[in-house]
Number of protein chains: 2
Amino acid sequence: MSTLNLTKNQSLVLDLLSRADQPLSAYTILDRLRDHGFRAPLQVYRALEKLQEMGVVHRLESLNSFVACSHQEEACCSHHGTVAFAICDSCGQVSEFHDHTIDDRLAEWARQKGFKSEKTTIEIRGLCSACAA
Amino acid sequence: MSTLNLTKNQSLVLDLLSRADQPLSAYTILDRLRDHGFRAPLQVYRALEKLQEMGVVHRLESLNSFVACSHQEEACCSHHGTVAFAICDSCGQVSEFHDHTIDDRLAEWARQKGFKSEKTTIEIRGLCSACAA
DNA sequence: TCAATTGATGTAATAACATTACATGCGTTC
DNA sequence: GAACGCATGTAATGTTATTACATCAATTGA
Ligand SMILES: [Zn+2]
Ligand SMILES: [Zn+2]
Ligand SMILES: [Zn+2]
Ligand SMILES: [Zn+2]
């Protein structure tokens, strides 16, 4: 199933996350979708699992929350590899970015150690420019 | 209070983590310290909080678990800055390392965006060399 | 056609992780 | 020794995630 062919529950969750101005927890999503028939956590977690597999939603490990992908298809690369998140602890704004040099350094460390990387998490907590001012 | 002057509860938690061959959750720590008088989660969380402040214990966000610091005081630097963790999903082994280039790239991104970084999490999940073989 | 399969869904119960609130004990300071 | 700071103890609650089981619809292929 592609991004263009989501189930009803998946669409509801993705739409909600896309409109949110900050990460949402699974239970916040549940609460906000009660009017649309959501009754149990599993409905949310199942939708999130699929959306993450599709790469259109990311889990923020340090927040136990989820965001819609805001990865910009920039000129430098086309695929969605490892990304980093900068999370403002004041306003909740999340910036998603990637950096080839970081990727390369992590890959080089893994190569030297014989470590087989499956998934990399990079999250910076702090204050965005607006909130730090 | 320095590393050399821990309270009883802090010592018990740090000793347990230091001897563990994999990350431990707060509740696992609680269970293993019941014989030493631990009765409630808060005893564990309070000790962990202080130990983290001292820098002798780290929280692994992607596992909701904790490890004793294994940072090696190498020739290249003396302070305990941002570190990365490679976590084997098979045997639980955790490798803690740091990379100045990664630090620099993240700092440069933050500088450009005016983001004030407070704490950075880098965790690689995968298979260690022994388990990948 | 219709049984078998697959994948999405619904519901309840439970497990796992973390915090709040309040009380107690125990040194140090003045 | 009163006041204070700080570590501790205990109970209750809040938050996040999973397991188990049942139902439903679309697909498939004998
Ligand atoms: Zn993305
Ligand atoms: Zn902000
Ligand atoms: Zn360390
Ligand atoms: Zn391993």
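Residue numbers start from 1 in every chain, and the chains themselves are labelled A, B, ... in the order their sequence lines are given, proteins ahead of strands. Since the structure is predicted, the reported quantities are computational estimates derived from the model, not experimental observations.
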One thing to verify: whether A/Glu108 and A/Arg105 come together as a salt bridge, which I'm taking to mean a side-chain N less than 4.0 angstrom from a carboxylate O.
no
Could I get the full list of side-chain hydrogen bond (donor to acceptor under 3.5 Å, both in side chains) partners for B/Thr28, not counting sequence neighbours?
B/Ser25
Output the rounded distance in Å from CD (A/Gln43) to P (D/dA17).
16 Å
To the side chain of B/Leu42, which of C/dG10, C/dT20, C/dA18 is closest?
C/dT20
N/O donor-acceptor pair under 3.5 Å between B/Glu123 side chain and B/Glu61 backbone:
yes
Distances for protein N or O near nucleotides 23-27 of chain C N or O, under 3.5 Å:
none

Figure out the OH/P separation between A/Tyr45 and C/dA16, and round it to whole Å.
14 Å
Interface residues of residues 118-126 of chain A with DNA chain C (non-hydrogen, below 4.0 angstrom)
none
Name every residue in residues 24-34 of chain B that has at least one heavy atom under 4.0 Å from any atom of DNA chain D, in order of residue number, or write none if there are no such residues.
none
With a cutoff of under 4.5 Å between side-chain heavy atoms, which Ile, Leu, Val, Met, Phe, Trp and Tyr residues group with A/Ile102?
A/Phe97, A/Leu106, A/Trp109, A/Phe115, A/Ile122, A/Ile124, B/Phe97, B/Ile102, B/Leu106, B/Trp109, B/Phe115, B/Ile122, B/Ile124
To the side chain of A/Ala40, which of C/dT11, D/dT10, D/dT16 is closest?
C/dT11
Quick test of your reading: applying ring-ring contact (aromatic ring centres under 6.0 Å, His included), list the pairs with at least one residue in residues 21-58 of chain B, sequence neighbours left out, ordered by first then second residue.
B/His58-B/His80, B/His58-B/Phe85
